[in-house]
Amino acid sequence: MGIEDRRFTVNLSILFTELPLLERPAAAAAAGFTAVELWWPWVDSPTPARSELDALKGAIEAAGVRLTGLNFYAGRLPGPDRGVLSLPGEESERFRANVEVAAGFAGSLGCTALNALYGNRVDGVDPAAQDALALENLALAARAADRIGATLLIEALNRPESPRYPLVSAEAAVEVADRVNAATGLGNAKFLMDLYHLSMNDEDLPRVIDTHAARTGHVQIADNPGRGAPGTGSLPLADLLDRLAKAGYDGWIGLEYKPGDRPSAEAFGWLPREARETR
């Protein structure tokens with residue numbers, strides 16, 4: 001097997017961002033892809049107007065691509081925020097207001113994966129209090145995801161780029177997913193294994209795969225260093241994806257990398273066009 005023998009989905013919040021949001025699904029389709037994923041597109045609003053939601057839904061449907069993953073509202077992302085669900089006060093309330101909106105939008109497009117970023121530590125706030133709030137909000141999100149038949153994803157980020165984010169190891173993210181499942185009894189909280197973030201944390205990626213593949217709900221990739229396309233760095237991504245497949249993971253591989261100093265459409269030379277369609 002090789003890197004081409006996978007189901008790839010393009011993250012339209014990091015690729016094709018040189019285009020307006022509503023033009024990105026068609027651009028991904030023109031590049032040969034049939035599946036896309038998104039961070040929450042409305043950075044300033046957890047509850048955008050129905051017209052905005054309908055316009056994005058229409059653009060995705062018109063492009064003929066499938067939405068495979070969506071983030072819940074996460075604050076300013078890209079930017080200084082790394083999620084809001086563990087932040088006391090207004091931002092946590094904004095997350096709660098977003099839960100049914102995001103789940104409803106995802107469900108309307110048959111999307112079955114919702115990513116909930118945990119949020120940074122806050123000066124002067126007891127980490128245990130943040131963790132209790134996070135569990136409460138994640139349980140709310142898990143129940144909303146369950147109502148549309150979706151998985152709730154818990155992601156580990158990397159310490160160098162997100163020093164105030166508490167989930168900076170595979171074990172930490174899996175532990176949170178386990179706590180959510182224990183709280184809800186639903187079993188739909190799973191690990192989002194981002195190989196770029198884990199490599200930035202100097203984790204033993206083969207060990208992470210062997211240990212956690214069965215509890216992984218989604219995988220994202222970028223090369224390291226640089227967070228560029230496969231082949232621009234030193235990660236053995238083809239070998240790692242082979243290992244994932246042998247460990248039983250057969251889900252989507254999210255392309256969450258930077259295109260570099262070129263149009264995004266030119267950042268897929270590593271992947272033959274015939275391998276970009278869902279098989």
Under 4.5 Å between side-chain heavy atoms, hopping through other hydrophobics if needed: is there a path connecting [X] to [Y]?
{"X": "I14", "Y": "M193", "value": "yes"}
{"X": "L235", "Y": "L255", "value": "yes"}
{"X": "L152", "Y": "L133", "value": "no"}
{"X": "L167", "Y": "L198", "value": "yes"}
{"X": "L192", "Y": "L117", "value": "no"}

Under 3.5 Å donor-acceptor, [X] side chain and [Y] backbone:
{"X": "N201", "Y": "E203", "answer": "no"}
{"X": "W252", "Y": "G217", "answer": "no"}
{"X": "N158", "Y": "M200", "answer": "no"}
{"X": "R276", "Y": "A31", "answer": "yes"}
{"X": "T184", "Y": "A139", "answer": "no"}
{"X": "T9", "Y": "V36", "answer": "yes"}
{"X": "N188", "Y": "A142", "answer": "yes"}
{"X": "Y165", "Y": "Y118", "answer": "yes"}
{"X": "Q130", "Y": "N120", "answer": "yes"}
{"X": "R24", "Y": "L19", "answer": "yes"}

Derivation and outcome, side chain to side chain contact (heavy atoms under 4.5 Å, CB included), residues E61 and L109: CA-CA 8 Å; E61 291 175 331; L109 286 162; 3.8 Å; yes
Any [X] side-chain heavy atom under 4.5 Å of [Y] side chain:
{"X": "T232", "Y": "Y257", "result": "no"}
{"X": "V219", "Y": "R6", "result": "no"}
{"X": "F105", "Y": "L67", "result": "yes"}
{"X": "R66", "Y": "T34", "result": "no"}

Test side-chain hydrogen bond (donor to acceptor under 3.5 Å, both in side chains) applied to N115 and E155, H218, E37, Q220, the passing residue: E155
Under 4.5 Å side-chain linkage, directly or through intermediates, the cluster mates of V43: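 Noted: V43 shares its cluster with no other residue.
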Heavy-atom pair with the smallest gap, counting every atom of [X] and [Y]:
{"X": "S264", "Y": "L15", "answer": "OG-C, 3.7 Å"}
{"X": "S199", "Y": "Y196", "answer": "OG-O, 2.7 Å"}
{"X": "W39", "Y": "S13", "answer": "N-OG, 2.9 Å"}
{"X": "T68", "Y": "C111", "answer": "C-SG, 3.6 Å"}
{"X": "A141", "Y": "F95", "answer": "CB-CZ, 4.1 Å"}
{"X": "P230", "Y": "I221", "answer": "CG-CD1, 4.1 Å"}

Exceeds 12 heavy-atom contacts within 6.0 angstrom, atom CZ of R159: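 Counting other residues, nucleotides and ligands, CZ of R159 stays at 12 neighbours or fewer.
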Other residues, nucleotides, ligands: >12 heavy atoms within 6.0 Å of D44 CG: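 Check fails, neighbour count at 12 or below.
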Would you compute the distance between atom [atom1] of [X] and atom [atom2] of [Y] and round it to the nearest 0.5 angstrom?
{"X": "F72", "Y": "L85", "atom1": "CZ", "atom2": "CG", "answer": "9.5 Å"}
{"X": "T151", "Y": "L186", "atom1": "OG1", "atom2": "CG", "answer": "11.0 Å"}
{"X": "N98", "Y": "W42", "atom1": "CG", "atom2": "CH2", "answer": "9.5 Å"}
{"X": "L70", "Y": "T112", "atom1": "CG", "atom2": "OG1", "answer": "11.5 Å"}
{"X": "R273", "Y": "F268", "atom1": "CZ", "atom2": "CZ", "answer": "10.5 Å"}
{"X": "L205", "Y": "L195", "atom1": "CG", "atom2": "CG", "answer": "6.0 Å"}

For R50, salt bridge (Lys or Arg N to Asp or Glu O under 4.0 Å) partners two or more places apart: D54
V84 and R94: CA distance, side-chain angles, deciding distance, side chain to side chain contact (heavy atoms under 4.5 Å, CB included) verdict: CA-CA 8 Å; V84 298; R94 285 162 69 85; 5.6 Å; no
Donor-acceptor pair between S92 and N137 side chains, under 3.5 angstrom: yes
E161 vs R82, salt bridge (charged side-chain N to carboxylate O under 4.0 Å, His left out): CA-CA, chis, key distance, verdict: CA-CA 10 Å; E161 294 175 333; R82 296 292 185 270; over 6 Å; no
Full working for side chain to side chain contact (heavy atoms under 4.5 Å, CB included) between D194 and E256: CA-CA 9 Å; D194 186 307; E256 197 184 54; 3.0 Å; yes
salt_bridge(D81, R164) N-O dist < 4.0 Å: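 Salt bridge flag = no for R164 with D81.
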Verdict with reasoning, L56 to L38, per side chain to side chain contact (heavy atoms under 4.5 Å, CB included): CA-CA 11 Å; L56 180 55; L38 282 162; 4.0 Å; yes
D223: partners by side-chain hydrogen bond (donor to acceptor under 3.5 Å, both in side chains), with sequence neighbours left out: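 Once residues adjacent in sequence are excluded, D223 has no partner under the side-chain hydrogen bond (donor to acceptor under 3.5 Å, both in side chains) criterion.
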